Amino acid sequence: MNRINQKLQEDKKLISIYFTAGYPNLNDTTTIIKNLEKSGVDMIEIGLPFSDPLADGPTIQASSTQALKNGMTTEVLFNQLQDIRKSVSIPLIIMGYFNPILQYGVEAFCKRCQEIGIDGLILPDLPVDVFVEQYKATFEKYGLINVFLITPQTSDERIRYIDSVSNGFIYMVSSASTTGAKLGFGEEQTNYFKRIADLNLNNPQIVGFGISNHKTFNQATQYAKGAIIGSAFVKFIKKSPLDNIENFIPTISIG
Amino acid sequence: MSYNINEKGYYGEFGGAFIPEMLYPNVEELRQNYLKVMVEPSFQKQFNQLLKDYVGRPSPLYFANRLSKKYQTKIYLKREDLNHTGAHKINNTIGQILMAKRLGKTRIIAETGAGQHGVATATVCALMGLECIVYMGEIDIARQAPNVARMKMLGARVVPATSGSKTLKDATNEAIRDWINNPENTHYIIGSAIGPHPYPDMVTRFQSVISEEITWQLKEKENREYPDYVVACIGGGSNAAGTYYHFLDNKGVGIIAIEAAGKGIDSGKSAATSALGKAGIIHGCKTLLMQTNDGQITEPYSISAGLDYPGVGPLHAHLYKTGRGEFYSATDDDAMQAGLELTQLEGIIPAIETAHALAVFKHKTFKPDDIVVISLSGRGDKDLQNYIDYFNL
């Protein structure tokens, strides 16, 4: 069974962390992953930086630009991750935009992911229809779970369609925004979280965008299986030595 | 071989809608409605009326006598520069603002390079009383100051894009991010034949009034339905798409596209996408774009802010790939010289974007009885300072 599916069966709310590979320094990738696992994180999204990250706010944009300046490329990332499964056992997901993967070759990319032990991909600008028609079989061949996004504006009908083609979890975008934009959740979000929970989907939901502390984590996971922290973590490692990652996680899980 | 869009939103292998889910409801709403709305008699009536009485259409098809003598062929200029606001851009913004009204939108966003599309958008927003926010690269704000002032006077808010190359590509990124953050009340008026389906097709259809007029104007002047060649400059490619549209399936018409070579195709400072690009995804569509081997979009360069874009509309990518279009590129110097030449031979100061199309004669020799229609997409008032600096006037 895929590590993501295994993790989703655990009886707990999951903390997932996003970071941009190659930031703050090119070779921080494996140290960040190891420190995150040590500090009790359940799942990690490794951001493959892109020059034009349309769905991202200023924090992740800036980290992506810096990572590219530092020399991060698809091949460099794969080389850094080559031996990661010797020491890390939690699910690892690569999150990025579709063009770099298209240029690498979708099949070649998926194959490398499987060899390394990557469990899934999140590609916000790869549309569901294109995935189903052209790439689903390839993802399955290499044992990769593809994760789709839904937003407060996604219709119930479309959510059910997305649920039907998903086989891991659904990435629930908390509000109409780019990453890192909102501070705190209001009634609107709570209603949305509940509305989705009431759909009783086959795939669990993990909330992302706008989660930065214990309070927003709790609000997000009241109805959902877990939450993803991205911009807040990227901001944290901008200022703090990587050894301090163990101090960051309790601010989310304990408060 | 078809050169029109198919039901899935592709021109051959190019096009589609590669957008994050956050944009799906907006783009899908537009996709489901745009063709229906465009054929409504009330829409048609209002659109045509505004093009006539407000924009000043039809734009003249002018026989350029002295230019023709110089290049020993018959050159007609399609005078989009005489439109209200000074370029072809207004054809599309009139269409899209009417579309936005019918979809119940109250807030308009746009990206702009040279500022022509920004001005055209700010103009129609003033006309319709809608809020207008225009994203513009910081570098372009500096090099197109007159248009920035016009947009502000028209009541638009001009927001500088400060990421990346600080030009059109980055302004487009910021506009898309704005749309993600304002999914319900906002319509995004894309100014070029780019973006996710249905934008390339919608923009092309609104601009197709250019080639529609050329057909009957040429009949009047030459007793012919079509020219031997149509020529246009290409950044994203909206004036080109409109100029080619009615001739796409007529093999008797040669289609010529001129891209911006900047300092030269191999100089590392260029925006000649067909020569330097390969297939990939930019701003929601699959098309030719300039990128690294690793799929990172590279920063283009052209003296012309309106052509300073690392991609090309999917229709043009298809025309290039299939060989239907002949693609050339003009350097900054070629374009500036061609702009000065038109000014002194015909008394018309073209936009620097447009001047690239006029550089076609550096690359191609036409026969004496060929009829060559060049899209004079915009006027050069906004570029005076650039011309002055370049020629030490």
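The chains referred to below are lettered A, B, ... by the order of the sequence lines, with proteins before strands, and numbering in each begins at 1. Since this is a predicted model, take the numbers as computed values, not measurements.
Proximity to chain B (any heavy atom under 4.5 Å) is shown, for A/T73, by both the backbone and the side chain. Neither the backbone nor the side chain of A/Y104 comes within contact range of chain B; no heavy atoms are under 4.5 Å apart. If you measure heavy-atom distances from B/E299 to chain A, you find no contacts under 4.5 Å at all. The contact between B/N293 and chain A is made entirely by backbone atoms, counting heavy-atom distances below 4.5 Å. For a residue to count as touching a neighbouring chain, one of its non-hydrogen atoms must lie under 4.5 Å from one of that chain's; by this rule B/E28 does not touch chain A. Of the two parts of A/I162, only the side chain, counted from C-beta on, holds a non-hydrogen atom closer than 4.5 Å to a non-hydrogen atom of chain B. With a 4.5 Å cut-off on non-hydrogen atoms, B/I19 touches chain A through its backbone but not through its side chain. Of the two parts of A/P49, only the backbone, made up of N, CA, C and O, holds a non-hydrogen atom closer than 4.5 Å to a non-hydrogen atom of chain B. Contact of A/L149 with chain B is made through backbone and side chain together, with heavy-atom distances under 4.5 Å. Neither the backbone nor the side chain of A/F131 comes within less than 4.5 Å of any heavy atom in chain B. Only the backbone of A/I150 comes within contact range of chain B, with heavy atoms under 4.5 Å apart.
Side-chain atoms of A/F98 and B/K286, non-hydrogen and from C-beta on, never get closer than 4.5 Å to each other. A/D52 is not listed as a side-chain neighbour of B/Q296, based on a closest heavy-atom distance of 4.5 Å or more. Side-chain contact between B/Y24 and A/T154 is absent, with no heavy-atom pair separated by less than 4.5 Å.
Within 6.0 Å of the NZ atom in A/K194, the count of heavy atoms belonging to other residues, nucleotides or ligands does not exceed 12. Residue B/N6 places its CG atom among more than 12 non-hydrogen atoms of other residues, nucleotides or ligands, all under 6.0 Å distant. Other residues, nucleotides and ligands contribute more than 12 heavy atoms inside 6.0 Å of the CZ atom of A/R195. The local environment of CD in B/E29 is crowded, with over 12 non-hydrogen atoms from other residues, nucleotides or ligands closer than 6.0 Å.
Looking only at distances, no side-chain donor or acceptor of A/Q153 sits under 3.5 Å from a matching main-chain atom of B/N26. At least one donor-acceptor pair closer than 3.5 Å links the side chain of A/N99 to the backbone N or O of B/I281. At least one donor-acceptor pair closer than 3.5 Å links the side chain of B/R177 to the backbone N or O of A/D56.
Atom OG1 of A/T178 sits about 11.5 Å away from atom CG of B/N173, to the nearest 0.5 Å. Here OG of A/S175 is found 11.5 Å from CD1 of B/I180. Values are rounded to the nearest 0.5 Å.
Looking only at heavy-atom pairs under 4.5 Å with chain A, the residue among B/A17, B/P183, B/S163, B/G16 that has the most is B/P183. Listed options A/P152, A/S155, A/P53 were ranked by heavy-atom pairs under 4.5 angstrom with chain B; first place goes to A/P53.
For A/R158 and B/E21, the salt-bridge test passes: some basic side-chain N is under 4.0 Å from an acidic carboxylate O.
Nearest heavy-atom pair across A/S51 and B/I297 is OG-N, 2.9 Å. Counting all heavy atoms, side chain and backbone alike, B/F18 lies closest to A/P127 at CD2-CD, 3.6 Å. The shortest heavy-atom contact between B/Y10 and A/V130 is OH-CG2, 4.3 Å.
Counting only N and O atoms by type, the side chains of A/Q103 and B/D294 include no donor and acceptor under 3.5 Å apart.
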